[in-house]
Student: 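Right, I'll just put the structure down here and ask away after.
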Amino acid sequence: VRIERDLLEKNNAVAKANRERARANRLSIFNLIGGPGAGKTALLEATIPRLGKRWGVSVLEGDQSTDNDARRIKEAGCTAFQINTGTGCHLDATMVANGLSELRPREGTIVFVENVGNLVCPALFDLGERAKIVVMSVTEGEDKPLKYPHIFRAAELFVLTKLDLQPLVALDEERCIGFARQVNPKIRTLRVSSRTGQGMDDFIAWIGETAAKATVMSETTP
Ligand SMILES: Nc1nc2c(ncn2[C@@H]2O[C@H](COP(=O)(O)OP(=O)(O)OP(=O)(O)O)[C@@H](O)[C@H]2O)c(=O)[nH]1
Ligand SMILES: [Mg+2]
């Protein structure tokens, strides 16, 4: 327990430095968290062209192994840097600090961090992000917000993905979203399909508004 507490305290100190660095550089960092295959990379692939010219975007990719996701993001036309965690089940603030030094995002841009596919450990680690976004697909079952409450509590936005598959799997959307609200009454929910583009406008609007707020905040606070 002691080791875990020390580890989290050290992480929080680095996360604070990341947040200060983000403020100084007017960066909006979004931390995407979801189970393996939830559709995090697909969501980013759909997001990159849609964010268009208004926002510069770059991506830090976290996986235990391979650079598959960084390659997909680069193919989508975006700068990306892959972090491999080996046996690790989450990204920590130090990995993100080092990743930012490699990525060198321009001032006033958006950085997406795709966390290691896992609904559990990433919830505990502050990376210095502007917001955590929990990504869950309709194929995962409506009770996930109750089974993995920590991430749904820590996230500002819940993106329910693969909506085009909904007719096949018959997930009870209202029940699922109700469970998410039960653990976090303030959570926003968006329903999207990266495949068909359904709901993507709302996601882009949320990202843009949240990033704009962060930019204004850092311009007005010394
Ligand atoms: N039909 C459909 N398939 C999707 C959608 N989004 C993702 N997929 C598929 O789901 C699978 C996993 O998608 P990824 O984007 O790789 O998922 P991920 O969350 O990044 O996975 P990890 O990084 O491995 O944790 C792929 O086969 C995607 O094509 C969607 O909106 N609709
Ligand atoms: Mg991925």
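Any value given below was found using the heavy atoms of this structure, including those in side chains, with hydrogens, waters and symmetry copies removed. Atoms within a ligand are numbered from 1 in the order they appear, just like the ligands themselves.
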Student: Which atoms of the protein, restricted to N, O or S, are nearer than 2.8 Å to the Mg ion (ligand 2)?
Tutor: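 Protein N/O/S atoms under 2.8 Å of the Mg ion (ligand 2): T41 OG1, D69 OD2, E114 OE2.
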Student: Would the number of heavy atoms belonging to other residues, nucleotides or ligands and lying under 6.0 Å from CZ of R153 be above 12?
Tutor: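 Yes, the 6.0 Å shell around CZ holds more than 12 heavy atoms from other groups.
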Student: Would you check ligand 1 and list the protein residues that come within less than 4.0 Å of it by any heavy atom, ordered by chain and number?
Tutor: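 Only G35, P36, G37, A38, G39, K40, T41, A42, D63, D69, R72, E114, G117, K162, D164, L165, S193, S194, R195 have heavy atoms that fall under 4.0 Å of ligand 1, ordered by chain and number.
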Student: Ignoring hydrogens and geometry beyond distance, is a side-chain donor-acceptor pair present between T41 and E114 at under 3.5 Å?
Tutor: yes
Student: With ring pair (Phe, Tyr, Trp, His ring centres under 6.0 Å) as the rule and sequence neighbours excluded, what pairs involving residues 83-103 come up?
Tutor: H90-F125
Student: With a 3.5 Å cut-off and no angle check, do the side chains of T196 and D164 form a donor-acceptor pair?
Tutor: no
Student: Return yes if a side-chain donor-acceptor contact under 3.5 Å exists between S101 and R21, otherwise no.
Tutor: yes
Student: Identify the residue among L163, L157, I133 that makes a side-chain contact (heavy atoms from CB on, under 4.5 Å) with L190.
Tutor: L157
Student: What class does the angle between the rings of F112 and F203 fall in, given that below 30° is parallel, 30 to 60° is tilted and above 60° is perpendicular?
Tutor: parallel
Student: Please enumerate all residues that pass side-chain hydrogen bond (donor to acceptor under 3.5 Å, both in side chains) together with N31, with sequence neighbours excluded.
Tutor: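 Only N115, E129 meet the side-chain hydrogen bond (donor to acceptor under 3.5 Å, both in side chains) criterion with N31.
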Student: Determine the minimum heavy-atom distance between L43 and V135, stating which atoms define it.
Tutor: CD2-CG2, 4.2 Å
